[in-house]
Amino acid sequence: MSFPWARAYQPKAPLMRYLDEKLPLPRFVYNAVGAGYPVPRNLNYMWNFGVLAGFCLMLQIVTGVVLAMHYAPNALVAFDSVEHIMRDVNWGWMMRYVHANGASFFFLVIYIHIFRGLFYSSYKAPREMIWLIGVVIFLLLMATAFMGYVLPWGQMSYWGAQVITGLFSAIPMVGEPLQIWILGGFAPDNAALNRFFSLHFLLPFVIAGAVILHIWALHIPGSSNPTGVEVKAESDTVPFHPYYTAKDGFGLGIFLLLLMTFVFFLPNALGHPDNYIEANRLATPAEIVPEWYFWPFYAILRAFTFDFILPAKLWGVLAMFASILLWFFLPWLDRSPVRSGHYRPLFRKFFWFGLIPAMAILFWAGGAPAEEPYVMLSQIATAYYFLHFLVFLPLISWIEQPEPLPYSITEAVLGEDKKAVLGENTAPAT
Amino acid sequence: MAMATPSGSGQPGATGAMVDEQVDGDGVRRRDFISIAAVSTAGVGGAMVLIPLISQMAPSKDVLAQATTELDISSLLPGQAIKAVFRKQPLFVRNLTPQEIAEAAAVPISSLRDPQSLAERTKEGHANILVTMGVCTHLGCVPLGVAEGENKGEYNGYFCPCHGSHYDTAGRIRKGPAPTNLLVPDYEFTSDTTLVIG
Ligand code: HEM
Ligand code: FES
């Protein structure tokens with residue numbers, strides 16, 4: 001579906017006309033990301049990150065398939081095969097550095113994408129389904145990245161696998177058998193490494209499928225925009241191509257410059273040096289930290305240090321999973337009819353001075369050792385995080401007096417919209 | 001009779017359906033039964049496929065076959081500890097000094113997070129040999145305290161550096177996030193100095 005004024009696909013070349021009759025793939029592309037898809041004219045660069053995330057997924061798949069041609073998922077040789085990729089395979093070092101840094105940048109892009117959704121309340125009707133699928137994609141992405149990090153079979157790989165699968169052992173009754181089942185043994189070993197490789201290969205394609213659903217759901221209402229006012233007329237939109245293909249293309253260029261700066265000049269800056277030590281099941285590294293993109297969740301996990309009805313260990317695990325599962329309920333927790341944070345004075349205050357500092361603290365404390373003051377700070381930030389979504393957000397939408405919205409996107413952009421004066425159904429006086 | 005209907009041009013399906021309806025009279029056709037039976041059979045069959053799919057991920061026979069380990073502890077002197085491997089996981093064996101035994105006995109059991117006495121955690125006649133897994137019960141790191149000079153924590157037993165769990169001389173959790181004592185695996189003495197674990 002699209003707006004009634006969407007440009008119709010009219011192939012001229014005989015080959016394209018033939019193709020349109022037999023397999024209308026070009027028509028599909030034209031209507032999805034071409035001139036046949038009208039998009040609000042006022043999108044800012046926050047709306048660039050969906051396309052960037054899609055690009056990251058393709059980049060990970062291409063470099064990943066190449067790595068899989070040279071990597072050996074066997075505990076005896078996995079570590080050496082990664083060194084073989086780095087030293088012996090033509091361009092292997094580049095493929096691996098792009099894949100490893102690509103994973104980090106994928107998360108960076110996804111986090112900005114989610115941030116956009118939170119500030120502009122993109123999760124609100126009619127876009128709940130897009131948001132829900134997005135949360136599923138994020139969970140799949142976390143699983144994929146976790147299993148990928150195990151593959152080089154370094155110290156952090158091994159002990160990360162031990163600690164993360166150990167989370168499941170906190171579940172009462174079934175926990176320990178479940179952990180043994182996940183690992184296929186009593187500790188991470190060949191069985192675990194092999195299945196993680198198999199799933200690490202598979203999941204990105206599952207993600208690709210979910211991305212298709214995500215975009216399908218998006219194309220029903222179309223994109224939201226920084227005002228949060230829905231599209232009313234043709235003057236509110238421009239065709240995706242060439243306007244947003246150009247804008248997104250420019251953003252992609254900047255993104256690639258940043259990514260390649262890391263790949264070529266700081267390839268190991270985001271990784272942990274201990275992962276260049278081969279896995280040793282008899283010695284834990286002095287301090288286990290996950291990759292930076294898991295830090296906020298790791299901080300929540302470690303924030304629970306006291307037993308309260310349930311053991312502390314179980315609380316930590318529950319809170320960590322709950323902190324993401326919570327997002328599934330967001331469309332129904334935030335009841336304000338106004339979407340954009342620009343027109344929500346109270347929401348804005350809690351967002352910038354509450355949620356964002358709390359997230360920043362969780363990011364920082366999750367990468368720090370489990371000592372004071374980091375533990376206490378993560379406890380405060382964790383408490384705020386849950387209060388924000390479960391208590392403050394519903395309350396804000398109850399008491400807040402939103403600021404006046406523009407009549408239309410056109411008015412917001414041009415300062416006036418003739419339709420706003422004449423009324424929507426009045427024919428222009430010509 | 002069936003042939004008399006205008007649509008009854010010899011198609012067995014049309015005829016069959018009419019006959020069924022006449023037989024039951026209450027709107028339930030034989031075909032409904034066949035549908036339900038077929039779909040349930042396929043459903044149960046499909047569900048059965050999950051059994052091998054799930055079970056293949058459990059530890060395989062060779063992993064289970066490594067399930068026992070034999071250890072000679074004749075050279076382990078009081079105050080010393082060794083690290084061995086059991087089921088691909090670290091195993092701690094410690095020969096406790098009389099002082100360490102006394103330390104463990106001095107603690108009131110009820111004050112412990114996971115109440116257990118040293119005697120319950122060792123074999124009769126071998127109260128000085130403490131055999132535990134070297135796996136922190138929090139999230140599975142290897143605690144320090146086996147090798148000489150390593151940090152033994154505030155209770156002179158083992159210390160897990162990952163999130164700061166302190167174990168005492170009986171391997172019991174005393175401080176930090178771990179919920180239970182270091183696990184004592186199944187084992188027996190086959191001679192005075194030989195242990196079989198698992
Ligand atoms: C959703 C997209 C993906 C993410 C987020 C991701 C993430 C990761 C991460 C974090 C690593 C560890 C890098 C290191 O420290 O060396 C890794 C390794 C690996 N990945 Fe992926 N990956 C993705 C897609 C794929 C795909 C599609 C394949 C194969 C078809 C693949 C194959 C591999 C291989 C063979 C390794 C081990 C070699 C190495 O460590 O560099 N990945 N992945
Ligand atoms: S794993 Fe030992 S304290 Fe967490």
Side-chain angles (χ1 to χ4, degrees), chain A residues 75 155 158-170 172 175-192 194-195 198-199 279-289 298 301-307 310-317 369-372 375, chain B residues 53-69 81-92 112-114 133-147 150-151 158-166 173 175-180 183 185-186 197-198:
Chain A
Q155 272 290 66
Y158 182 88
W159 291 101
Q162 170 82 318
V163 167
I164 301 299
T165 56
L167 295 179
F168 291 93
S169 72
E176 241 159 275
L178 184 65
Q179 185 191 3
I180 291 173
W181 178 75
I182 291 172
L183 289 173
F186 304 97
D189 201 3
N190 214 24
N194 260 291
R195 67 190 55 181
S198 171
L199 294 173
N280 176 354
R281 67 180 79 253
L282 293 185
T284 310
E287 180 197 311
I288 300 184
V289 277
Y298 201 56
L301 171 76
R302 296 190 303 183
F304 290 81
T305 50
F306 39 84
D307 299 348
L310 300 173
K313 177 176 165 185
L314 182 55
W315 273 117
V317 174
E371 298 162 1
E372 295 301 350
V375 176
Chain B
L53 281 180
I54 291 172
S55 146
Q56 56 85 19
M57 278 179 68
S60 56
K61 299 281 188 301
D62 62 322
V63 169
L64 292 174
Q66 301 161 341
T68 60
T69 300
I82 49 164
K83 220 187 252 187
V85 180
F86 168 59
R87 292 183 174 170
K88 299 242 176 164
Q89 285 172 294
L91 178 88
F92 294 167
L112 296 171
R113 183 178 296 173
D114 183 6
M133 298 306 299
V135 180
C136 178
T137 58
H138 182 227
L139 292 174
C141 293
V142 181
L144 302 172
V146 170
E150 277 182 359
N151 186 352
Y158 300 106
F159 170 67
C160 181
C162 284
H163 316 98
S165 287
H166 299 256
I173 180 66
K175 186 179 173 190
T180 57
L183 188 79
D186 286 337
I197 298 124

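Below, all heavy atoms of this structure are taken into account, side chains as well, without hydrogens, waters or symmetry copies. Quick note on labels: first sequence line is chain A, next is B, and so on, each numbered from 1. The structure displayed is predicted, hence computed values, not measured ones.
- At most 12 heavy atoms of other shown residues, nucleotides or ligands fall within 6.0 angstrom of atom CD in A/E176.
- Top candidate by heavy-atom pairs under 4.5 Å with chain A, chosen from B/C141, B/P161, B/G134, B/P179, is B/C141.
- Of the atoms belonging to A/I182, it is backbone heavy atoms, and not side-chain ones, that fall under 4.5 Å from chain B.
- The two residues A/L282 and B/K83 have their closest heavy-atom pair at O-NZ, 2.8 Å.
- A/R195 touches chain B through its side chain: at least one heavy atom from C-beta onward sits under 4.5 Å away, while N, CA, C and O do not.
- The structure places CD1 of A/I180 at 13.0 Å from CE of B/M57, a figure rounded to the nearest 0.5 Å.
- Between B/I54 and A/W181 the shortest heavy-atom distance is O-NE1, 2.7 Å.
- Taking both residues in full, the closest heavy atoms of A/F186 and B/Q89 are given as O-NE2, 3.1 Å, listed atom of the first, atom of the second, then distance.
- In this structure, chain B has no heavy atom under 4.5 Å from any part of A/L178.
- For B/V85, the part lying near chain A is the side chain, with the backbone staying farther off; criterion is any non-hydrogen pair under 4.5 Å.
- Heavy-atom minimum distance, A/G185 versus B/V63: CA-CG1, 4.1 Å.
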Query raised in the report: Would A/Q162 and B/V135 count as a side chain to side chain contact (heavy atoms under 4.5 Å, CB included) if you check the C-alpha gap in whole Å, the side-chain angles of each, and the deciding distance to 0.1 Å?
Result: CA-CA 10 Å; A/Q162 170 82 318; B/V135 180; 4.2 Å; yes
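- Between B/V142 and A/R281, the shortest heavy-atom contact is CG2-O, 3.9 Å.
- There is no contact between B/A147 and chain A, counting heavy-atom distances below 4.5 Å.
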Query raised in the report: What do the steps show when you test B/L139 against A/L301 for side chain to side chain contact (heavy atoms under 4.5 Å, CB included), and what is the final call?
Result: CA-CA 11 Å; B/L139 292 174; A/L301 171 76; 4.1 Å; yes
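- Each of A/G184, A/A187, A/G166 has some count of heavy-atom pairs under 4.5 Å with chain B, and the biggest count is that of A/G184.
- Minimum interatomic distance between B/C162 and A/T284 (heavy atoms only, all atoms of both residues): SG-CG2, 3.6 Å.
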